[in-house]
Each structure stands twice: as C-alpha cells, then as structure tokens.
Amino acid sequence: MTRCRKLFTTVAAVLMSLCLFLEAGMAARASEGTGMDKTCGGVAAVFNPGSGNSVDVVNATAKELNLDLTAEEEEPEECKLVMANVQNALNVRSDASEESDKVGMLYKDCGGTILERRDGWTKLQSGNIIGWASDEYLLFDEDALALANSVGKMVATVDTETLRVRQEPNTDAGIWGLLPGGEVVEVLNQYDDGWVCIDFEGEDGYVSTEFLVLDFVIDAGETMEEIDARVKAEKEAQMEASRHKNYGEYTTDADTTMLLAALIYCEAGSESYEGKLAVGAVVMNRVRSGAYPNSIHGVIYASGQFTPAMTGKLNSVYASGGYTAECVQAAQEALAGASNVGDLTHFRRNNGRDGLVIGNHVFY
C-alpha cells in the first residue's frame with residue numbers, strides 16, 4: 001500500500017559540526033498508465049496526505065552531542081480509500097446487514113472513504129451516501145488505489161483572477177491563452193517543479209501550481225433519494241412524446257440529444273469526426289452497461305467523470321447552442337448504436353496508456 005514514511009538519519013562529526021540528513025519521502029505515485037508520469041500526489045496524496053514536520057532541532061542537537069539517535073519510522077497511515085468491486089451496482093445499506101434498508105447504490109468504478117469496519121462490512125461515505133456495504137464487493141488498500149488511479153482524474157481549479165497557459169513549463173515560454181478564475185481543468189501530468197500539464201484546446205498547455213487548487217476525483221454513488229429524483233425527471237421528459245425522435249437504438253428527446261452533442265463538443269470539439277463519435281459511443285456504452293446510471297443525463301452528470309459537467313462548461317455550451325453540426329451528427333449516430341470503440345467506457349488524453357488511440361485520446 002502507498003504509505004507515508006519518514007526516515008531520520010544523523011551523522012555526527014567530532015568537535016564543531018554535526019551533519020544531519022533528513023529524508024522525507026511520500027510514495028504517492030499514480031499507478032502505471034494513468035497519465036501521471038513524474039506525478040507528485042495522485043489518489044494516494046488525497047486519501048493519505050503526508051506532512052512535513054521537522055524534528056525539534058534534531059532533538060536539541062542530539063542532547064549536546066551524546067548522539068543516542070536511532071532511525072525512527074512513523075506508523076504508516078491507514079488507507080481510507082474504498083472502491084466498488086462490481087460489474088454493475090452495489091447496494092449500500094443503513095446497517096451492516098442484508099436485511100437493513102437500502103440507502104444508496106455504488107456503481108462500477110465508484111469510490112468513497114472508509115468510516116468504520118466490522119464483521120465483514122464497511123461503513124463508507126461516497127458523495128451524499130453514508131452507509132454500509134459488504135466487504136465481498138469492495139476493494140481496499142493497494143487494489144483500491146490501483147483502480148482509483150486508473151479510473152479517477154486529477155483536476156485543477158484556477159485560484160487567481162486570470163492564469164496564463166504556457167507552451168512549455170517555464171515563465172519564459174510562449175502563451176497559448178488564458179484561463180479565468182474558477183475554471184476547472186483536467187490535469188494530464190503533474191511535475192515536481194511546480195508545473196502541471198493540461199489539455200488546452202487540443203494542445204499541451206502548462207500552468208503553475210502556485211495559482212491552482214489540485215484535487216483527485218473519482219465517481220461517487222447515488223442516494224435512494226437522488227435516484228428517485230433522477231428517475232422521476234427522466235419519466236417526465238419521456239412524457240413529452242412530441243419532442244421525441246427515434247434514432248434506431250435509443251429514443252430520446254431533442255434536449256438530451258443536444259446535451260450529448262454539447263458534451264462531445266467540450267471533450268472532442270477539436271478532434272476528427274471519428275474522435276467525436278468515439279466520445280458519444282463511450283457515453284452510450286455506459287448507458288447500456290448497467291454499471292452506470294441508465295440515462296444519458298445520469299451518465300454525463302455522474303460525479304467525478306466528465307470534467308466539463310463538473311465545471312459548468314457543459315451547461316454553458318448547451319445553453320448557448322455552442323456545439324457544432326458535426327457534434328450533433330456524432331451524437332445522433334451514437335444514439336443510433338454506432339460505435340467505433342466497441343464497448344469501451346473510458347477515455348482520456350493520450351499519454352502512452354494502453355488502449356485504442358483516436359486522435360488525441362486513448363479509449364479503454
């Protein structure tokens with residue numbers, strides 16, 4: 001398991017000097033293939049944050065050079081991450097019993113924080129859910145970290161009025177453009193020199209972490225109240241039959257079709273038509289799979305999944321009709337069952353990860 005350890009070693013020299021070497025390392029590396037090469041942080045940094053305490057002047061200079069120092073290792077922090085280990089969905093209950101009431105559901109790739117464990121059950125928090133799930137359907141420790149790093153993402157919120165996006169990770173490099181305060185972007189790579197790489201209009205852009213708030217996000221489950229509200233809204237939309245259009249495989253209303261087109265524009269607006277269709281196909285693969293909410297709206301707005309939905313960019317593009325005709329066509333084809341990515345359900349910026357590469361994205 002990724003743990004935080006500090007090893008303090010001292011070397012004494014005769015007479016006037018004492019050389020002290022402090023090595024503090026946090027093994028918080030994202031697993032291979034997550035797009036976090038040279039990463040500092042990752043999911044382990046979120047659930048097992050390290051601290052940078054110093055020893056009190058190395059124990060008062062080793063008690064006046066008597067030097068009775070020994071290597072000291074702190075107890076490793078317990079990993080609080082838990083991930084759902086299911087193909088479809090997992091019931092979360094009010095108590096540690098199959099007979100207790102269902103309070104929510106975790107879908108495939110959802111995660112949360114461990115609150116308590118007993119008798120083969122785990123009390124967890126995931127989004128607004130607080131409840132118990134059977135350990136039989138959960139992943140812990142290294143397995144949970146590996147899955148979270150595979151399906152989660154690092155995002156950055158701009159914490160200044162305007163932030164320059166540079167073409168290289170230094171302040172002398174050219175500028176691609178500007179990000180407004182509060183903008184949330186997905187981090188492709190995080191480096192140990194105070195810079196992160198982001199996707200800026202299809203290009204690798206670099207911004208300083210000095211002006212960012214970083215967070216690692218994974219999908220959360222839904223409470224029964226949230227599920228009921230979503231299902232009710234979907235039924236109400238389905239009642240507007242005059243606005244429905246049958247695309248062959250999936251019947252939906254015009255607004256939902258345009259929502260999918262807006263997402264395609266946000267995620268793949270600068271990609272080829274094949275890249276746009278692939279994003280639409282991923283959404284529809286999730287709708288069909290049973291491992292995610294069973295509607296386009298539910299899939300798109302699932303927490304921690306599509307960055308434009310989290311940031312409000314998707315809503316802005318949708319409301320303004322800022323998507324292109326090609327994005328609408330890709331959405332309609334995806335609704336009709338077309339897929340150029342098979343049954344794949346994930347994608348991210350291509351950074352060497354194994355998978356199907358289409359344009360600047362890799363699908364897996």
Side-chain angles (χ1 to χ4, degrees), residues 87-89 107-109 151 153 186 199 201-202 219 230-231 233-235 237-238 240-241 243-311 313-350 353 355-364:
Q87 289 301 312
N88 293 306
Y107 303 102
K108 180 182 179 182
D109 300 335
V151 301
K153 64 181 68 175
E186 184 175 352
D199 182 357
E201 298 179 356
D219 197 4
R230 173 172 56 79
V231 170
E234 291 164 3
K235 286 182 177 178
Q238 290 295 323
E240 299 181 30
R243 303 176 65 197
H244 288 193
K245 183 172 180 179
N246 191 315
Y247 289 102
E249 183 194 41
Y250 196 88
T251 301
T252 188
D253 59 274
D255 287 344
T256 303
T257 305
M258 297 308 113
L259 178 65
L260 180 57
L263 178 71
I264 292 171
Y265 177 83
C266 291
E267 295 282 11
S270 60
E271 297 295 304
S272 66
Y273 181 77
E274 288 71 23
K276 293 180 175 67
L277 175 60
V279 170
V282 163
V283 173
M284 297 311 301
N285 285 343
R286 291 190 177 197
V287 173
R288 287 189 293 265
S289 73
Y292 302 91
N294 60 357
S295 70
I296 293 171
H297 186 277
V299 164
I300 288 176
Y301 286 101
S303 63
Q305 289 305 299
F306 296 101
T307 304
M310 297 178 350
T311 65
K313 180 180 179 180
L314 172 63
N315 291 343
S316 177
V317 170
Y318 170 70
S320 66
Y323 40 83
T324 64
E326 195 170 60
C327 292
V328 175
Q329 182 184 348
Q332 292 171 345
E333 273 210 69
L335 286 163
S339 175
N340 54 350
V341 295
D343 59 358
L344 301 179
T345 54
H346 290 81
F347 70 92
R348 62 179 56 187
R349 182 73 179 274
N350 181 23
R353 180 191 176 98
L356 174 62
V357 176
I358 301 177
N360 288 313
H361 288 133
V362 57
F363 295 81
Y364 55 100

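These values consider heavy atoms only, across backbone and side chains, with no hydrogens, waters or symmetry-generated copies.
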In short, Ile300 meets Val283 closest at the heavy-atom pair CG1-CG1, 4.3 Å
Looking only at heavy atoms, the pair that brings Asn88 and Ser289 closest together is OD1-O, 3.3 Å
Go through it in stages, so that I can follow the logic: the residues are His346 and Val151, the test is side chain to side chain contact (heavy atoms under 4.5 Å, CB included), and I'd like the CA-CA distance, side-chain angles, deciding distance and then a yes or no. CA-CA 8 Å; His346 290 81; Val151 301; 3.8 Å; yes
Tightest non-hydrogen contact, residues Glu333 and Tyr273, listed as OE2-OH, 2.5 Å
In short, Ala334 meets Leu277 closest at the heavy-atom pair N-CD1, 3.9 Å
### Message
When you compare the side chain of Ser339 with that of Met284, does any pair of heavy atoms fall below 4.5 Å?
### Response
no
Q.
Can a donor-acceptor pair be found, under 3.5 Å and without considering hydrogens, that links the side chain of Asn285 to the backbone of Thr345?
A. no
Practice task
Step through the shown structure and confirm whether more than 12 heavy atoms of other residues, nucleotides or ligands are within 6.0 Å of NZ on Lys313.
Solution key: no
Heavy-atom nearest pair, Ile358 first then Ala278, reads CD1-CB, 3.9 Å
**Request:** Indicate the ring-plane relationship of His361 and Phe363, choosing parallel, tilted or perpendicular according to the 30° and 60° boundaries.
**Result:** perpendicular
So, the side chain of Asp219 versus the backbone of Tyr107: is there a donor-acceptor pair under 3.5 Å, distance only? no
Sub-4.5 Å side-chain heavy-atom contact between Thr256 and His297: no
Here the gap from Met258 atom CE to Leu263 atom CG, rounded to the nearest 0.5 Å, amounts to 13.5 Å
Checklist entry - Above 12 or not: heavy atoms from other molecules or residues under 6.0 Å from OH of Tyr323? => result yes
* Under a 4.5 Å cut-off applied to non-hydrogen side-chain atoms, are Leu314 and Phe306 in contact? -> no
CD (Glu186) and OG1 (Thr307) are apart, to the nearest 0.5 Å, by 4.5 Å
> Is the shortest heavy-atom distance from the side chain of Ile296 to the side chain of Leu335 under 4.5 Å?
Replying inline: yes
Using a 4.5 Å cut-off on heavy atoms from C-beta on, say whether the side chain of Val362 contacts that of Val357. yes
- Query: Mind checking whether Glu271 and Val279 have side chains closer than 4.5 Å, heavy atoms only?
  - Reply: no
Q. Can you find a pair of side-chain heavy atoms, one from Glu267 and one from Arg348, that are under 4.5 Å apart?
A. no
Looking only at heavy atoms, the pair that brings Lys276 and Ala268 closest together is CG-O, 3.4 Å
Does the side chain of Phe347 reach to within under 4.5 Å of the side chain of Leu356, using non-hydrogen atoms? no
